[in-house]
**Q** 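Encoded as structure tokens, here's the structure I'll be asking about.
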Amino acid sequence: MNRPRPWPPNREPPAPPPQRLSDKADARQAVWKALVEHSVARFPFPLKGRIPNFEGADRAAALLLDHPAFQSAKCVKVNPDSPQRYVRKGLLDRGIAVLTPTPRLQGGFYRLDPERIPKEHYWDAASMKLGGHWGEALLLDQLPKIDAIVMGCVAVTRDGRRLGKGHGYADLEYAILRELGHLAVPVATTVHPLQILEQFPTGPHDVPVSIIATPAELIEIAQPPRAPAGIDWDKLTAEQLAEMPVLAELKSLLGV
């Protein structure tokens, strides 16, 4: 069992991350550093460049899934990262289908259907490595109605601002759904309290959250920042279009 290591009594305990940062990279680095120094980071390591796994991710997931937004859900989109594996498993346990993207959107989306996966393999299906084995690959015009979205975060604020790991994939996934005509739905996340900052910069393409679950607290944001309504195609590079065939599929569907 993973347990936090006690801080040596002859040393000052580590400080929490700075609360007000004016640079995204600095905010990410501060959170990754604080999680490690407070001994609450969990595998995989190193944290840098990842949605960080953390002690209590299972409790945060349970608290989140008790929220009314998930009680009548039939399909929830969830990021494929390690701390949200508990969310994916919990949804399957509740009979709720999970739509998840392939890492870096290189293979589009797949659906985990709890009715087609043996219950003893739900934990396997909820993993990043085995999810594709148990999941059903879907074309964009086959995507089901989404009732809620769970995103991984490096940092969040209590007014709903979200900071990912810096590649923009989660924001792009959200924008793809909106381009396809999917309605705006509640966007949630699970984090350690050290990931909650007071301030960091965000842009118009950054998707905010309206529900934040920590291992001990559920935070609801009544008026989060405005979410993007679609993709700004002019901002996408030729390299991004080449690396993510799903974008070419979307352009074909939309006639862009």
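Remember, predicted model here, so these are calculated numbers, not experimental data.
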**Q** How about Arg94: does its CZ atom have over 12 heavy atoms from other parts shown lying under 6.0 Å from it?
**A** yes
**Q** How about Val36 and Pro52: do any of their side-chain heavy atoms sit closer than 4.5 Å?
**A**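 With C-beta onward as the side chain, the pair stays apart.
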**Q** Run the numbers on Arg85 and Trp123 for side chain to side chain contact (heavy atoms under 4.5 Å, CB included), then give the verdict.
**A** CA-CA 8 Å; Arg85 184 178 184 180; Trp123 181 245; 3.1 Å; yes
**Q** Atom CD of residue position Gln71 - does it have more than 12 heavy atoms of other residues, nucleotides or ligands inside 6.0 Å?
**A**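 Check passes, neighbour count above 12.
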**Q** For Leu250 and Glu179, run side chain to side chain contact (heavy atoms under 4.5 Å, CB included): C-alpha distance rounded to whole Å, both residues' side-chain angles, the deciding distance at 0.1 Å, then the answer.
**A** CA-CA 8 Å; Leu250 179 62; Glu179 290 280 1; 4.2 Å; yes
**Q** Under the criterion side chain to side chain contact (heavy atoms under 4.5 Å, CB included), I'd like the reasoning laid out for Arg158 against Ile212: C-alpha separation, chi angles, the key distance, then a yes or no.
**A** CA-CA 8 Å; Arg158 287 180 177 268; Ile212 302 169; 5.7 Å; no
**Q** Would you find more than 12 non-hydrogen atoms of other residues, nucleotides or ligands less than 6.0 Å from Gln223 atom CD?
**A** no
**Q** Do you know the tightest heavy-atom contact between Trp233 and Leu247?
**A** CH2-O, 4.0 Å
**Q** Given Pro83, which of Ile51, Val191, Asp58 fulfils the side chain to side chain contact (heavy atoms under 4.5 Å, CB included) condition?
**A** Ile51
**Q** Assign the ring pair His67 / Phe70 to parallel, tilted or perpendicular, where the plane angle (0 to 90°) is split at 30° and 60°.
**A** perpendicular
**Q** Salt bridge or not for Arg162 and Asp171, using N-O below 4.0 Å?
**A** yes
**Q** State, with a plain yes or no, whether a side-chain heavy atom of Pro18 is found less than 4.5 Å away from one of Phe200.
**A** no
**Q** Is the shortest heavy-atom distance from the side chain of Leu163 to the side chain of Arg161 under 4.5 Å?
**A** no
**Q** Any side-chain heavy atom of Lys77 sitting closer than 4.5 Å to one from Tyr174?
**A** no
**Q** Taking Asp206 first and then Lys24, would you say they form a salt bridge - that is, a charged N and a carboxylate O separated by under 4.0 Å?
**A** yes
**Q** Please examine the side chains of Asn79 and Val150, heavy atoms only from C-beta on, and report whether any two atoms are closer than 4.5 Å.
**A** yes
**Q** Pair Met151, Val207 - check side chain to side chain contact (heavy atoms under 4.5 Å, CB included), show working.
**A** CA-CA 9 Å; Met151 288 187 171; Val207 178; 3.7 Å; yes
**Q** Going by heavy atoms in the side chains, are Glu173 and Phe109 under 4.5 Å from each other?
**A** yes
**Q** Under a 3.5 Å cutoff, is there a donor and acceptor pairing between the side chains of Thr190 and Gln84?
**A** yes
**Q** Hey, what do you get for CD1 (Ile231) to CZ (Arg178), rounding to the nearest 0.5 Å?
**A**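 Going from CD1 on Ile231 over to CZ on Arg178, the span is 12.0 Å.
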**Q** Between Phe54 and His192, what is the ring plane arrangement, given parallel below 30°, perpendicular above 60°, and tilted in between?
**A** perpendicular
